[in-house]
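First comes the structure, then the notes that go with it.
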Amino acid sequence: MAREIRVRFAPSPTGDLHVGNIRTALFDWAYARHTGGKFIFRIEDTDTTRVTDEYIAAALDTLRWLGLDWDEGPEVGGPYGPYLQSQRLDIYADWAQKFLDQGDAYHCYCTSVELEERREAQRAANEAPGYDGQCRDLSPEQVAAFRAEGRDAVVRMRMPDGSTTFVDAIRGEVSFEHKFVPDFVLVRGDGSPLYTLAVAVDDIMMKVSHVLRGEDLLSSTPRQIRVYQAMGVALEDYPIFAHLPFVMGQDNAKLSKRNGEVSIAWYRDAGFLPEAICNYLVLLGWSPGDDRENITMKELTELFTVERVNSSPARFDMKKLEAINGDKIRALTIDEFLTWALPFMIRAQVITGTDEQIALVKSALPIIQERITRLSEVPAMLKFLFATNFAVEADSLSKVTDAASKDVLKRSLAELTPLTQWTHDTIEAALRASLIEELGLKPRIAFGSVRIAVTGSTVSPPLFESMELLGKSASLERISAALAL
RNA sequence: GGCCCCGUCGUCUAGCGGCCUAGGACUCUGGCUUCUCAAGCCAGCUACGAGGGUUCGAAUCCCUUCGGGGCUACCA
């Protein structure tokens, strides 16, 4: 029987999770869900100088926010834990010792400074820089001499002659000559493990069946395979590798702050829905095969296969993300929309969050739903409903103070004041009859003046609905106030 | 420099030898609709990096070349 599908997402939280990380996590998750396998979340925190608890906590939070639930990992546990590498140090130490005993690895006493000097010399001689094997076969006397000097030793893996060939599920057969893969360090001088050791040990110990990760790790794969060999892992128990193409920035190279933000936390604050982010990101390097582009998380789990993943890098396009986000916002029910929008209204200090305010926001959401592309636009669109010190925007001022506008406003005030029923229908009927039919004005001119007076801006949600929501007294007050400008 | 990966509209992609005078989406442009802005609808612009092969036939297969990227750490 085929082995269980187990896919892991193993970030090293040296900062906030970024777009590239999440695209990988999304593919990992989607593949696990598609196959009915397990999605494993592992934290690679062997670099204690760069990984912090805050970043780890933020990573969990981001994955949760996106809806990428994990079956094994931090907080949920699992049969192959712990899932933080910093808690598995003894496991790595045991394997390193075994490799040493077997002769697969050896102690290397070269210092960083010496190594750098030698690499420099290699570069100068136009040779491939890499470990030269100086400590490969030290005599007991030499070892004793280095120890006497007080040198620390790293544990270095011996790369045998030959080559490593493996099949990448996305790129096909990939081969590396070992002469281009120098002996690499498994354990630091202080005894702490390196990624090269921990990642291979954990993937095997956690019975990971598929390693879907960024293509930057493609060239480190032969090193992982070397560790599997030293561990005595049978070929059929090697994970299947699939190296995902990069997500790059707008212009040239890697995605960075310059060309769009990288941190997922930023997108969250900017008013993007998790499903929009996932929908957009999954389209970067993968497609369902037909012309479908609006894909729900559920559809993703049904459709996602590694076979359909592209091998070429994709450029991140904020415009398209926004378009998808707009689509997702429009697809929200009003209650869902309200839940997402409220925090933005409160954070922007447009409302404090009273029941009355929430009710008004809720009734106003339908008229702005198809007008926004990010949740962060909600406060600006609705602030006219809550303004305590209402004022017409400076840019629009001149458009309500001219004589023609004054006439429109005067007439509007006269027509609207006697209205007993204040609904968008009655308001529209009154205004159309007086301004359009009787005065013969163009709708955009006539309603434009009223719009500025009532909402303070030339751009607003539909005028009559806005006036209905604002209420009769406030609407009339604002028209009067504009007349006095 | 060496090794490895990649190369279809501006961008994301469909395409896996004939269905391609290359399809969809985003962007952009024009129009319709219209109380502004949107949304919606219609139309348009724009691509197989280049050169050789293979084949009756190539975006699809092979080679070369050019271009882009990654790696080359006691980072991951």
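Lettering follows sequence order; numbering is per chain, from 1.
- Atom CZ in A:F184 sits about 13 Å away from atom P in B:U72, given to the nearest Å.
- Aromatic ring centroids of A:Y280 and A:F316 lie under 6.0 Å apart.
- Rounded to whole Å, the P atom of B:U60 lies 15 Å from the corresponding atom of B:G15.
- Spacing between atom CD of A:E377 and atom C1' of B:C37 amounts to 11 Å, rounded to whole angstrom units.
- The side-chain tip of A:R223 points at the ring of A:F184 from less than 6.0 angstrom away and within 45° of straight on.
- Ring-plane geometry between A:H243 and A:F241 is classed as parallel, the angle between the planes falling under 30 degrees on a 0 to 90 degree scale with a further cut at 60.
- One P atom belongs to B:U13, the other to B:G7, and the distance between them is 11 Å to the nearest Å.
- With respect to A:D290 and A:R292, a salt bridge is recorded, a charged nitrogen being found less than 4.0 Å from a carboxylate O.
- Taking the C1' atoms as reference points, B:G49 lies 13 Å from B:C6, given to the whole Å.
- Look at OH on A:Y280: it is 12 Å from P on B:U11, rounded to the nearest Å.
- Centroid-to-centroid, the aromatic rings of A:F27 and A:F304 come within less than 6.0 Å.
- Not a single donor-acceptor pair, N or O on each side, falls under 3.5 Å between the base of B:G69 and the side chain of A:E215.
- The separation between A:R42 atom CZ and B:A76 atom P is 12 Å, rounded to whole Å.
- Remark: C1' of B:C71 and NE2 of A:H243 are 11 Å apart, rounded to the nearest angstrom.
- Taking atom P on both B:C75 and B:A14, the two are 38 Å apart, rounded to the nearest angstrom.
- Each of A:G130 and A:R444 was assigned the nucleotide of RNA chain B with the nearest heavy atom; the assignment lying further toward the 5' end belongs to A:R444.
- Between B:A73 and A:R188, no contact under 4.0 Å exists linking OP1 or OP2 to a side-chain N or O.
- With both pairing distances under 3.5 Å, B:C66 is matched to B:G7 as a Watson-Crick or G-U wobble pair.
- Atom C1' of B:G24 sits at a distance of 43 Å from the matching atom of B:G1, rounded to the whole Å.
- Partner assigned to B:C41 is B:G31, using Watson-Crick or G-U wobble distances below 3.5 angstrom.
- Of the charged side-chain nitrogens involved, at least one lies within less than 4.0 Å of a carboxylate oxygen, so that A:E120 and A:R123 count as a salt-bridged pair.
- Note on A:R50: every side-chain N or O is 4.0 Å or more away from OP1 and OP2 of B:A76.
- Close to B:G23, at under 4.0 Å from its OP1 or OP2, lies no side-chain N or O of A:R292.
- A 3.5 Å limit on both hydrogen-bonding distances identifies no Watson-Crick or G-U partner for B:C48.
- Residue A:L194 has its side chain nearest to B:C74 when only B:C35, B:A38, B:C74 are considered.
- A gap of 12 Å separates the C1' atoms of B:C62 and B:U55, to the nearest Å.
- In the set B:A73, B:G24, B:C5, B:C5 carries the atom at the smallest distance from any side-chain atom of A:V174.
- An OP1 or OP2 oxygen of B:C75 is reached within less than 4.0 angstrom by no side-chain nitrogen or oxygen of A:T14.
- Other residues, nucleotides and ligands contribute more than 12 heavy atoms inside 6.0 Å of the CZ atom of A:F390.
- The distance from atom CG of A:D317 to atom P of B:U13 is 11 Å, rounded to the nearest whole Å.
- In a base pair of the Watson-Crick type (N1 to N3 plus N6-O4 or O6-N4) or a G-U wobble (N1-O2 and O6-N3), with each distance short of 3.5 Å, B:C71 is matched with B:G2.
- Residue side chain A:R315 does not reach the base of B:C12 through any donor-acceptor N/O pair under 3.5 Å, judged by distance alone.
- Nearest nucleotide to the A:V154 side chain, out of B:C74, B:C26, B:A76: B:C74.
- Side chain of A:R156, nearest nucleotide from B:C6, B:U27, B:C74: B:C74.
- The side chain of A:R308 contributes an N or O atom lying less than 4.0 Å from OP1 or OP2 of B:G15.
- Comparing B:A47 with B:U8, their C1' atoms are spaced 6 Å from each other, to the whole Å.
- Here B:A76 presents its C1' atom at 17 Å from CG of A:D16, a figure rounded to the nearest Å.
- Put simply, CG on A:D216 is 10 Å from P on B:U72, counting in whole angstrom units.
- A:K179 has no carboxylate O lying under 4.0 Å from a charged side-chain N of A:E177, or vice versa, which leaves the two without a salt bridge.
- Nucleotides B:U27 and B:C12 place their P atoms 15 Å apart, quoted to the nearest Å.
- The pairing partner recorded for B:U60 is none, the criterion being a Watson-Crick or G-U wobble arrangement whose two distances lie under 3.5 angstrom.
- Contact annotation for A:S175: backbone-only contact, meaning every heavy-atom pair under 4.0 Å involves sugar-phosphate atoms and none involves a base.
- Taking only side-chain nitrogens and oxygens, A:S112 never comes nearer than 4.0 Å to OP1 or OP2 of B:C74.
- Both A:N310 and A:F180 lie close to RNA chain B; mapped to their nearest nucleotides by heavy-atom distance, the more 5′-ward contact belongs to A:F180.
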